[in-house]
Amino acid sequence: MSEELRLGLAGLGTVGASLVRLIERHGNDLAVRCGRPISISGVAARDRGKDRGFDVSGLKWFDDPVALARDPGNDVFVELMGGGNGVALESVKAALSSGKHVVTANKALLAEHGLSLARQAEEAGVSLNFEAAAAGGIPIIKTLREALAGNTIGRIYGILNGTSNYILTKMEQEGLSFADCLAEAQRLGYAEADPTFDIEGYDAAHKLALLTAIAFGTAVDAKSIYVEGISSITSADIQAADDLGYRIKLLGVASRTESGIEQRVHPTMVPKTSAIARIDGVTNAVAVEADFVGQLVLSGPGAGGDATASSVMSDIADIARGDRVGTFGRPVSSLEPYRQAEIRRHEGGYYIRLSVYDRPGAFAAIAKRMADHNISLESIVQRRREGRDTESGVPVPVILITYETTEVAIREALEGIMADGHIADAPQMIRIEQLD
Ligand code: NAP
Ligand code: HSE
């Protein structure tokens with residue numbers, strides 16, 4: 001058996017603690033599979049005295065992750081602290097410039113600095129692996145980078161954030177409030193340190209940017225992604241979706257179009273009968289459409305310590321075996337510049353919820369705005385007024401479903417509807433995706 005592979009582990013939180021347990025439990029088998037033992041030689045976290053459910057006293061402790069990254073006592077720096085800049089960035093750069101391999105679960109870091117870090121890794125002749133950074137326990141990076149190397153990919157889409165899917169599922173199935181569902185997702189270790197990243201769609205966008213780079217061979221460009229989160233989704237939308245035969249999911253979609261690559265993250269109404277509609281709770285699913293293999297869908301736990309540690313370990317095992325693949329599956333210099341397709345060119349059906357003053361002429365004005373933009377309506381439902389709201393002029397919910405139209409037409413029609421003064425609040429608009 002060859003020399004042991006020594007890990008410097010920065011971050012002993014949800015994922016880091018699971019990785020320690022995984023190595024304790026499967027260390028012997030991993031040594032056999034990889035042909036060499038894997039050990040933890042040093043650790044860093046903020047609070048040395050914190051009870052983590054395992055003994056850190058036998059491990060060399062570093063208060064400073066950058067010092068751990070530079071320490072000659074380890075061969076691989078495993079970054080599990082999080083954050084797109086700061087100590088995560090500094091320590092990963094330090095590890096690469098010390099000629100060490102790096103494994104990270106940090107999508108924010110890679111979405112922001114992935115290209116420069118991948119270039120640094122390439123120059124140093126070391127690996128920068130990030131399986132755990134997209135879709136938690138699902139091996140989607142390996143699948144795109146290695147298993148699908150012989151394909152041209154046309155579209156990739158899926159549920160990429162476990163916390164949001166958990167919230168939407170619990171709101172729908174148990175009628176719980178948004179705030180209670182989020183608190184539970186945080187307690188279970190699914191959410192980011194700042195959960196705004198989860199609920200406002202940025203975490204899914206970071207992951208989508210990484211998948212796009214590998215799938216389409218383009219530079220990582222998270223800033224160009226059109227992003228909407230789930231914080232505006234109400235139980236009224238979830239109920240209306242259910243009545244109409246849909247479920248609401250936060251989807252990330254990247255596809256090749258004639259005008260460039262379309263990348264978008266937003267709540268989406270998908271038919272209840274579609275495979276993606278049945279992905280519940282913290283589970284993620286990623287569908288890939290490729291020319292030779294056709295369509296494949298991978299699903300599994302998208303967040304949580306153990307599932308994520310499983311992906312982190314697959315990256316470590318590659319390094320232990322000496323398997324090295326470019327960070328984005330090809331040399332950084334061969335990545336094409338990212339050419340963005342405009343979201344305004346997006347075509348599809350739309351769900352619109354309006355709070356309409358119930359008075360003569362309101363409906364006609366709304367219908368006219370839609371007709372002026374050539375938008376054809378599949379259905380219009382006016383919810384019944386209840387209780388003391390029976391007087392004329394009180395806002396009532398009206399739900400419109402459009403046939404396929406363009407984003408630009410819908411936005412202009414809604415601007416017109418707002419200007420007409422027949423609605424009490426800003427309209428809710430959710431894109432419909434007719435998936436199988
Ligand atoms: P976490 O539970 O908040 O743990 C973060 C760890 O980093 C803690 O041990 C913390 O130390 C340590 N840390 C933070 N700042 C530090 C600093 N300045 N110096 C030293 N140590 C520092 O986070 P997590 O959920 O494990 O996530 C870690 C990474 O994995 C993030 O990039 C996240 O996006 C990614 N990820 C998480 C999941 C998931 O389901 N949780 C899934 C996929 C990817 P203390 O413990 O002493 O406070
Ligand atoms: N906060 C992330 C999620 C963790 O909920 O999906 C996994 O990347």
Side-chain angles (χ1 to χ4, degrees), residues 8-21 42-54 56 61-69 78-92 103-112 130-138 140-141 158-169 181-182 184-208 210-211 229-230 250 252 265 279 281-286 300-312 315:
L9 172 56
L12 296 171
T14 304
V15 184
S18 281
L19 183 68
V20 172
R21 282 195 296 275
V43 292
R46 279 179 298 219
D47 178 357
R48 191 171 186 170
K50 198 189 251 184
D51 179 8
R52 302 178 189 276
F54 53 85
V56 289
W61 180 274
F62 290 78
D63 285 319
D64 177 9
V66 177
L68 173 64
V78 184
E79 187 281 303
L80 298 175
M81 296 176 289
N85 286 291
V87 73
L89 176 62
E90 292 316 314
S91 57
V92 167
V103 172
T104 180
N106 190 338
K107 48 271 162 150
L109 175 73
L110 290 170
E112 194 133 340
F130 61 96
E131 183 61 71
I138 302 177
I140 184 62
I141 302 293
I159 294 172
L160 300 174
N161 183 265
T163 301
S164 300
N165 205 47
Y166 180 86
I167 293 171
L168 291 172
T169 305
C181 299
L182 172 59
E184 187 61 3
Q186 287 178 291
R187 193 188 65 75
L188 292 166
Y190 301 157
E192 295 302 301
D194 175 359
T196 323
F197 280 80
D198 297 291
I199 62 175
E200 296 303 349
Y202 303 121
D203 177 76
H206 289 153
K207 293 166 180 168
L208 187 68
L210 301 176
L211 298 182
I230 62 163
L250 182 72
V265 169
I279 302 297
V282 74
T283 307
N284 283 190
V286 189
D306 287 0
T308 308
S310 158
S311 288
V312 173
D315 283 343

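Residues: numbered from 1 along the sequence shown. When a ligand or atom number is given, it counts from 1 through the structure's own listing order.
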State whether the side chain of S310 and the backbone N or O of G137 hold a donor-acceptor pair below 3.5 Å, judged by distance alone. no

If we only count N/O pairs under 3.5 Å, is G305 in contact with ligand 1? no

Can you report which non-hydrogen protein atom sits closest to atom 32 (O) of ligand 1, along with the distance? G82 CA, 3.2 Å

Is the side chain of T163 donor-acceptor paired with the backbone N or O of Y190 at a distance under 3.5 Å, no angle test? yes

Option whose closest heavy atom lies nearest to atom 1 (N) of ligand 2, chosen from D198, N165, I159, V15: D198

Which ligand 2 atoms does K107 reach within 4.0 Å, using its non-hydrogen atoms? 2 (C), 4 (C), 7 (C), 8 (O)

How close does the nearest protein non-hydrogen atom get to atom 39 (C) of ligand 1, and which residue and atom is it? G189 O, 3.6 Å

Where ligand 1 meets E192 - atom numbers and elements under 4.0 angstrom, heavy-atom basis: 33 (C), 34 (O)

Minimum-distance pair of heavy atoms, taken over all atoms of G201 and V265: O-CG1, 3.8 Å

Do any N or O atoms from the side chain of S311 and from the backbone of A132 form a donor-acceptor pair under 3.5 angstrom? no

What pair of heavy atoms forms the shortest contact from R52 to A45, and how long is it? NH2-CB, 3.5 Å

What do we get for T163 next to ligand 2 when only non-hydrogen atoms under 4.0 Å count, side chain, backbone, both or neither? both

Does R48 come within less than 4.0 angstrom of ligand 1, counting non-hydrogen atoms of the residue? no

Element-labelled atoms of ligand 2 that are located less than 4.0 Å from some non-hydrogen atom of E192: 1 (N), 2 (C), 4 (C)

Sub-4.0 Å atoms of ligand 2 with respect to non-hydrogen atoms of K207: 2 (C), 3 (C), 6 (O), 7 (C), 8 (O)

Taking atom 42 (C) of ligand 1 as the reference point, the nearest protein heavy atom with its distance: T308 OG1, 3.1 Å

Below 4.0 Å, non-hydrogen atoms only: which portion of A191 touches ligand 2? Side chain, backbone, both or neither. backbone

Are any of the N/O atoms on G162, whether in the backbone or the side chain, positioned under 3.5 angstrom from an N/O atom of ligand 2? yes

Looking only at heavy atoms, is any part of D203 under 4.0 Å from ligand 2, and if so is it the side chain, the backbone, or both, or is it neither? side chain

What are the two closest non-hydrogen atoms of P195 and L182, and how far apart are they? CB-CD1, 4.0 Å

For N161, take its heavy atoms, then give the atoms of ligand 2 lying under 4.0 Å from any of them. 2 (C), 3 (C), 5 (O), 6 (O)

Hey, is atom 23 (O) of ligand 1 under 4.0 Å from any protein heavy atom? no

Sub-3.5 Å N/O-N/O distance, A132 and ligand 1: no

For a 4.5 angstrom cut-off between non-hydrogen side-chain atoms, does L12 reach F54? yes

Closest to atom 17 (C) of ligand 1 among protein heavy atoms sits R46 CG, 3.7 Å

Pairing of R48 and D63 as salt bridge, 4.0 angstrom limit: no

Closer than 4.0 angstrom: is that true for some heavy atom of R52 and an atom of ligand 1? yes

Among all protein heavy atoms, pick the one closest to atom 19 (N) of ligand 1 and tell me residue, atom and distance. P65 CG, 3.6 Å

Please name the pair of heavy atoms, one in A105 and one in V312, separated by the smallest distance, quoted to 0.1 Å. CB-CG2, 4.5 Å

Considering all protein heavy atoms, does one lie under 4.0 Å from atom 7 (O) of ligand 1? yes

For atom 26 (O) of ligand 1, grab the closest protein heavy atom and report residue, atom and distance to one decimal in Å. V15 N, 2.9 Å

Identify the closest protein heavy atom to atom 25 (O) of ligand 1: which residue and atom is it, and at what distance? T14 CB, 3.6 Å

Please find the pair of heavy atoms, one from L250 and one from A204, that lie closest to each other, and give the distance. CD2-CB, 4.3 Å

Where is the nearest protein heavy atom to atom 28 (C) of ligand 1: which residue, which atom, and how far? L80 O, 3.3 Å

Contact check, side chains of V103 and F130, non-hydrogen atoms, under 4.5 Å: no

Using atom types as modelled and distance alone, determine if a side-chain donor or acceptor of T283 lies under 3.5 Å from a backbone N or O of I279. no

Side chain or backbone, does N284 bring an N or O within less than 3.5 Å of an N or O on ligand 2? no

With distance as the sole test, does N165 use its side chain to make a donor-acceptor pair with the main-chain N or O of G281 at under 3.5 Å? yes

Option of least heavy-atom distance to atom 30 (O) of ligand 1 (set: A105, A193, A135): A105

Based purely on interatomic distance, does G304 place a nitrogen or oxygen under 3.5 Å from a nitrogen or oxygen of ligand 1? yes

